[in-house]
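Notes for the one structure printed next.
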Amino acid sequence: MSFDIAAIRAQFPILSRQVHGKPLVYLDNAATTQKPQAVIDALVRFYSECNSNVHRGAHYLSDEATRRYEHARDVVANFLNANRREEVIWTSGTTEGINIVAKGMAERLQANDEVLVTELEHHANLVTWQQACKKAGATLKVAPILNNGALDQAAFAALLSSQTAFVAMPHVSNALGTVNPVQALTRTVREKSPRALVLVDGAQGVAHGDVNVQSIDCDFYAFSGHKLFGPTGVGALWGRYSVLEDWPVWLTGGEMIASVSYQDATWGALPNRLEAGTPNIAGAVGMAAAIEWFSALPLVEVKQHEAQLIERAVALGEEFDGLTLVGNAPEKIGVYSFNLNGIHPADVGFILDRQGIAIRTGDHCAQPLMKRLGVPGTARASFSIYNTIDEVEQLFIGLRKAKEMLS
Ligand code: PLP
């Protein structure tokens with residue numbers, strides 16, 4: 001399949017709507033992506049053809065729902081190149097995936113242990129570890145970034161030691177677009193802190209490239225369906241089987257037990273052991289449809305297209321008087337964070353919205369990172385495969401208008 005932007009856009013019904021009487025220019029993809037018709041159809045099909053609860057039914061519909069739901073797990077496992085399908089745990093999203101790991105880790109951390117995170121973290125991969133460390137009396141260390149928003153890899157390595165019990169890092173920064181060399185960083189962890197487990201926050205990583213958990217060699221990889229053209233409220237946590245096998249249970253209830261008496265209970269096998277209660281069945285099916293849809297695209301051309309969008313934005317920004325780009329790491333995906341001198345980012349967002357252009361403004365759930373960069377927040381345009389060069393140019397036309405009106 002070749003990369004045909006018009007054909008791709010035609011598959012996203014929402015892209016043809018208007019807001020404030022203007023054609024929608026949707027540049028808030030790091031917050032959530034839009035959904036192609038294939039995903040919308042998969043959700044409708046599930047509810048109209050085979051809605052039923054999974055695993056425990058003794059009837060046709062339940063069997064069919066279970067088949068579709070478990071097929072969705074296979075799709076995720078293949079997408080991540082997991083060794084075993086049991087390594088894929090359904091979650092409500094990245095946040096829940098990280099919490100499952102952090103809550104379990106809090107029970108295992110000792111007072112002398114250290115957990116290493118980076119200055120690039122979203123709060124989901126920071127507050128969780130901060131609280132786990134507090135609970136266990138362990139120490140949280142933070143690997144710094146360079147001024148361009150790239151991780152300082154030498155400092156990261158220097159912070160690793162035999163005391164390091166856990167390392168958590170983002171695949172891609174949501175606020176700056178920095179891509180971390182997660183494979184090389186994990187290798188450094190293995191060399192310097194052999195007992196440490198490694199979690200990669202993949203929320204922003206999955207929609208922009210090929211993820212291979214075996215070659216990254218991490219222990220956990222968490223992501224959300226909604227940032228990958230799938231539904232909200234569903235995601236997956238991948239964990240290495242030998243690590244997940246005896247991971248502390250997180251929720252107790254149906255699905256996750258082997259046997260129960262009034263006095264005690266024993267836990268079932270993976271993956272159900274970490275999936276108590278009725279799951280988001282339609283969400284899982286929709287997420288699999290999104291992965292199948294995305295995986296059918298020509299990845300090299302997808303990456304080239306996204307690189308062209310960010311290159312155009314950077315070039316236009318360089319010509320724009322009074323615009324400061326925030327984050328220009330050499331390895332970066334289509335996240336364009338910026339400030340207009342003397343203008344609050346929220347005002348920029350408001351004026352753009354009136355022109356039909358959707359961006360995000362604020363601290364992007366990364367308050368310590370904003371503090372480190374010396375800004376209260378940024379305006380952030382984030383691009384996806386369906387965005388066009390024309391839309392990038394419209395962003396800058398909108399910014400000129402914002403500047404005229406606000407300065
Ligand atoms: N981590 C990163 C890097 C993110 O960008 C986000 C969401 O923006 C999250 C974690 C949390 O994802 P969710 O809200 O889908 O759980």
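All heavy atoms count here, side chains included; hydrogens, waters and symmetry mates do not. Count residues from 1 along the sequence. Just follow the structure's listing: the first ligand is 1, and inside any ligand the first atom is 1. The structure presented is a predicted model; accordingly, all values stated were derived computationally and were not measured.
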Q) Quick one: OG1 on T128 to CD on E96, what's the gap to the nearest 0.5 Å? A) 12.5 Å
(Q) Are L116 and L160 packed together at the side-chain level, in the sense that at least one heavy-atom pair is separated by less than 4.5 angstrom? (A)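 Counting from C-beta outward, L116 and L160 do come under 4.5 Å.
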Heavy atom of [X] under 4.0 Å from ligand 1?
| X | answer |
| --- | --- |
| N125 | no |
| K227 | yes |
| H226 | yes |

Q | Residues E391 and R9 bridged, charged N to O under 4.0 Å | A | yes
Q. Would you call D217 and R240 a salt bridge, taking side-chain N to carboxylate O under 4.0 Å as the test?
A. yes
Q | Which of the ligand 1 atoms, numbered from 1, are nearer than 4.0 Å to a heavy atom of Q204 | A | 3 (C), 4 (C), 5 (O), 8 (O)
**Q.** T94: numbered ligand 1 atoms lying under 4.0 Å from its heavy atoms
**A.** 10 (C), 12 (O), 16 (O)
Q. Who's the nearest protein heavy-atom neighbour of atom 3 (C) of ligand 1, and how far?
A. D201 OD2, 3.4 Å
Q: Around atom 16 (O) of ligand 1, find the nearest protein heavy atom and jot down its residue, atom name and distance.
A: T95 OG1, 2.6 Å
Q: Return the option from H171, E96, H122 holding the heavy atom at the smallest distance from atom 4 (C) of ligand 1.
A: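 The nearest heavy atom belongs to H122.
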Q: Step by step, work out the side-chain contact (heavy atoms from CB on, under 4.5 Å) result for E255 and E275.
A: CA-CA 7 Å; E255 290 287 324; E275 294 178 342; 5.7 Å; no
Q.
Just checking W90 against F223, ring centres under 6.0 Å apart?
A. no
Q | Check: W247 ring centroid to F220 ring centroid under 6.0 Å | A |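 Centroid separation for W247 and F220: below 6.0 Å.
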Q | Residue portion contacting ligand 1 (non-hydrogen atoms closer than 4.0 Å) for S224 | A |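 Contact part for S224 vs ligand 1: side chain (C-beta onward).
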